[in-house]
Amino acid sequence: MNLPRLGADPEAPFPPPASARRQPDGLLAWGGDLSPKRLLNAYRHGIFPWYSEGDPILWWSPDPRTVFDTGALHLPRRFRRSLRRLDWEIGADGDFSGVVAACASAPRPGQDGTWITQEMQQAYLALHRLGHAHSIEVRAHGELVGGIYGVMAGPVFCGESMFSRESGGSRIALAALCRLLAAHGVRWLDAQMPTPHLASMGARSIPRREYLALLGQPASAGLAATGWQDALNGLRCADLA
């Protein structure tokens, strides 16, 4: 089976997600570009880019899909107790480029290099400037120790990557993001692919058709494209315990 190649029009329809390959799971198409219109078109149809430096752009829509219910994130009891003693600062959209760069440079067990290439970083920065991509930052003494970033796709926030420089940094960022989303009526956080770490915090896998149905629900009007920096309202680590 030949893999479909995307054309020059960033708003042209993608191949149907149901036509994606089973091996490797979810590989749907190649080519095109990473323009904001193309990326938004992809995310709104359950598709995302993932490829290595030097390879063509590859587009994916895996089945099943891993998601969080933002109101049901699980944090271990011991970790919750530790949050009460932390004075780390939590913010949103204060350093989007710093979070993306930190995710790109974070070591990943079993991976050689990063899929967050310079081209990818610039593409998501463009989405951020347009109000579609957002980050959560966790700081200790002014230094980034954890964070997460992703893209709003209607009723779903599509998480792209997260990092920790101190133990618990990414968990705090994820918990803060879920708190913010749930408070503004966004129930679902897309985590794309399953890992034991995500599963331990409550992520579950659903059939792709169910995920696509979630994307078809009305978007929440409670979380504006701009104003994320004020949306956390002084959230502290102890508030997540």
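Only this structure's heavy atoms are used, side chains among them; waters, hydrogens and symmetry mates stay out. Positions are given from 1, in the same order as the sequence printed here.
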Drop me the distance from [X]'s [atom1] to [Y]'s [atom2], to the nearest 0.5 angstrom.
X    : Y    : atom1 : atom2 : answer
L189 : L198 : CG    : CG    : 9.0 Å
I47  : L212 : CD1   : CG    : 8.0 Å
L3   : L58  : CG    : CG    : 7.5 Å
F14  : H45  : CZ    : NE2   : 9.0 Å
Y124 : F96  : OH    : CZ    : 9.0 Å
M120 : L39  : CE    : CG    : 7.5 Å

Which pair of non-hydrogen atoms, one from [X] and one from [Y], has the smallest distance, and what is that distance?
X    : Y    : result
A173 : I136 : O-CG2, 3.8 Å
S220 : L223 : OG-N, 4.3 Å
L6   : G31  : CD1-O, 3.9 Å
L215 : A153 : CD2-O, 3.8 Å
P10  : N41  : O-ND2, 3.5 Å
P17  : L28  : CA-CD1, 4.1 Å

Mark yes or no for whether [X], through its side chain, and [Y], through its backbone, hold a donor-acceptor pair below 3.5 Å.
X    : Y    : value
W60  : W50  : yes
S164 : S170 : yes
E89  : A140 : no
H132 : M152 : no
T66  : D190 : no
E53  : T117 : no
S19  : P15  : no
E137 : G147 : no
R80  : L75  : yes
R65  : G46  : yes

Inset, instruction - Give a yes or no on whether the ring-centroid distance for F48 and W115 is below 6.0 angstrom. - result: no

Flag side-chain contact, heavy atom, 4.5 Å: [X] against [Y]:
X    : Y    : result
R38  : Y43  : no
H141 : W88  : no
L125 : Q122 : yes
V100 : S97  : no
W188 : P155 : no
L240 : I90  : yes
P62  : M193 : yes
I206 : P64  : no

Legend entry - Atom CZ of R139 with >12 non-hydrogen neighbours under 6.0 angstrom: yes

Inset, instruction - Count the heavy atoms of every other residue, nucleotide or ligand shown that sit under 6.0 Å from CZ of R208, and state whether that count exceeds 12. - result: yes

Inset, instruction - Let me see the working for L127 and V151 under side-chain contact (heavy atoms from CB on, under 4.5 Å), right down to the final yes or no. - result: CA-CA 8 Å; L127 277 185; V151 178; 3.9 Å; yes

Are [X] and [Y] linked, directly or through other ILVMFWY residues, by side chains that come within less than 4.5 angstrom of each other?
X    : Y    : answer
M162 : W228 : yes
I148 : V156 : no
L181 : L235 : yes
F68  : I172 : yes

Legend entry - Lys/Arg-Asp/Glu bridge criterion (N-O < 4.0 Å) met for R22, D63: yes

Inset, instruction - Go through the steps to decide whether R84 and R236 satisfy the test side-chain contact (heavy atoms from CB on, under 4.5 Å), and finish with yes or no. - result: CA-CA 9 Å; R84 300 188 183 103; R236 301 171 302 167; over 6 Å; no

Inset, instruction - Apply side-chain contact (heavy atoms from CB on, under 4.5 Å) to Y149 and H128, showing your working. - result: CA-CA 10 Å; Y149 76 95; H128 173 65; over 6 Å; no

Inset, instruction - List the steps and the verdict of side-chain contact (heavy atoms from CB on, under 4.5 Å) for L144 and F163. - result: CA-CA 10 Å; L144 275 174; F163 78 97; 4.2 Å; yes

Legend entry - Exercise: do E119 and Y51 side chains pair donor with acceptor under 3.5 Å: yes

Legend entry - Between E160 and Q192, a side-chain donor and acceptor under 3.5 Å: yes

